[in-house]
Novice: 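Right, I'll just put the structure down here and ask away after.
No hydrogens, no waters, no symmetry mates; every other heavy atom, side chains included, goes into these values. Everything numeric in this text was worked out from a predicted model, so none of it was measured. All residue numbers in this chain count up from 1 along the given sequence.
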Amino acid sequence: MKETLKVEIKDKLNLTVEEAAEYSNIGICKLNEILKKPNCPFVLYIGRKKLIKRKEFEKYIATAIEL
């Protein structure tokens, strides 16, 4: 059998929407709403798949909290 490696969220560069929701405690629907905005700085499209750039997402959350 092939052993699969489990990479922790803190070690990933890009997150799926589900991982980002778990990581940030923001709902999937709210994240999708934010990702649809044309000036979203942390979305990465791979074909139809949306990934979230973790470091940019962390910066976005930090600035949103300050507001």
Side-chain angles (χ1 to χ4, degrees):
M1 283 177 114
K2 215 176 195 183
E3 185 177 326
T4 58
L5 295 174
K6 175 75 173 149
V7 179
E8 293 185 33
I9 289 176
K10 69 177 183 70
D11 296 329
K12 290 185 173 188
L13 293 176
N14 300 305
L15 307 172
T16 64
V17 176
E18 292 80 12
E19 289 172 336
E22 181 181 340
Y23 181 67
S24 66
N25 204 26
I26 298 174
I28 293 173
C29 293
K30 184 63 176 178
L31 277 175
N32 280 322
E33 181 182 315
I34 296 169
L35 294 174
K36 287 180 184 176
K37 294 182 181 180
N39 58 351
C40 182
F42 53 86
V43 67
L44 173 65
Y45 288 100
I46 306 294
R48 293 170 59 189
K49 184 176 184 176
K50 290 181 277 190
L51 293 176
I52 295 174
K53 301 173 196 172
R54 185 181 51 81
K55 290 184 181 183
E56 287 83 350
F57 183 53
E58 289 172 347
K59 289 177 190 174
Y60 176 83
I61 291 172
T63 58
I65 291 173
E66 292 174 0
L67 298 175

Novice: Determine whether Tyr45 and Ile28 fall in the same hydrophobic cluster, where Ile, Leu, Val, Met, Phe, Trp and Tyr are linked whenever their side-chain heavy atoms lie under 4.5 Å apart.
Specialist: yes
Novice: Enter the distance from Glu18:CD to Leu31:CG here, rounded to the nearest 0.5 Å.
Specialist: 9.5 Å
Novice: Quick one: salt bridge (charged side-chain N to carboxylate O under 4.0 Å, His left out) pairs with a partner in residues 26-50, sequence neighbours left out?
Specialist: Lys30-Glu33
Novice: Tell me whether Ile34 shares a hydrophobic cluster with Val43, the cluster being built from Ile, Leu, Val, Met, Phe, Trp, Tyr side chains joined at under 4.5 Å.
Specialist: yes
Novice: Does anything in residues 9-43 form a ring pair (Phe, Tyr, Trp, His ring centres under 6.0 Å)? List the pairs, not counting sequence neighbours.
Specialist: Phe42-Phe57, Phe42-Tyr60
Novice: Could you pull out the closest heavy-atom pair between Gly27 and Ala21, with the gap in Å?
Specialist: C-CB, 4.4 Å
Novice: If we only count heavy atoms from C-beta on, is the Thr16 to Leu51 side-chain gap below 4.5 Å?
Specialist: yes
Novice: For Glu58, is the CD atom crowded, meaning more than 12 foreign heavy atoms sit under 6.0 Å from it?
Specialist: yes
Novice: Minimum heavy-atom separation for Ser24 and Ile61, please, with both atom names.
Specialist: CB-CD1, 3.8 Å
Novice: Does Lys12 have any side chain to side chain contact (heavy atoms under 4.5 Å, CB included) partners at least two apart in sequence or in another chain, and if so, which?
Specialist: Val7, Leu15, Glu19
Novice: Once you round to the nearest 0.5 Å, how far does CD1 of Ile46 lie from CG of Asn14?
Specialist: 7.5 Å
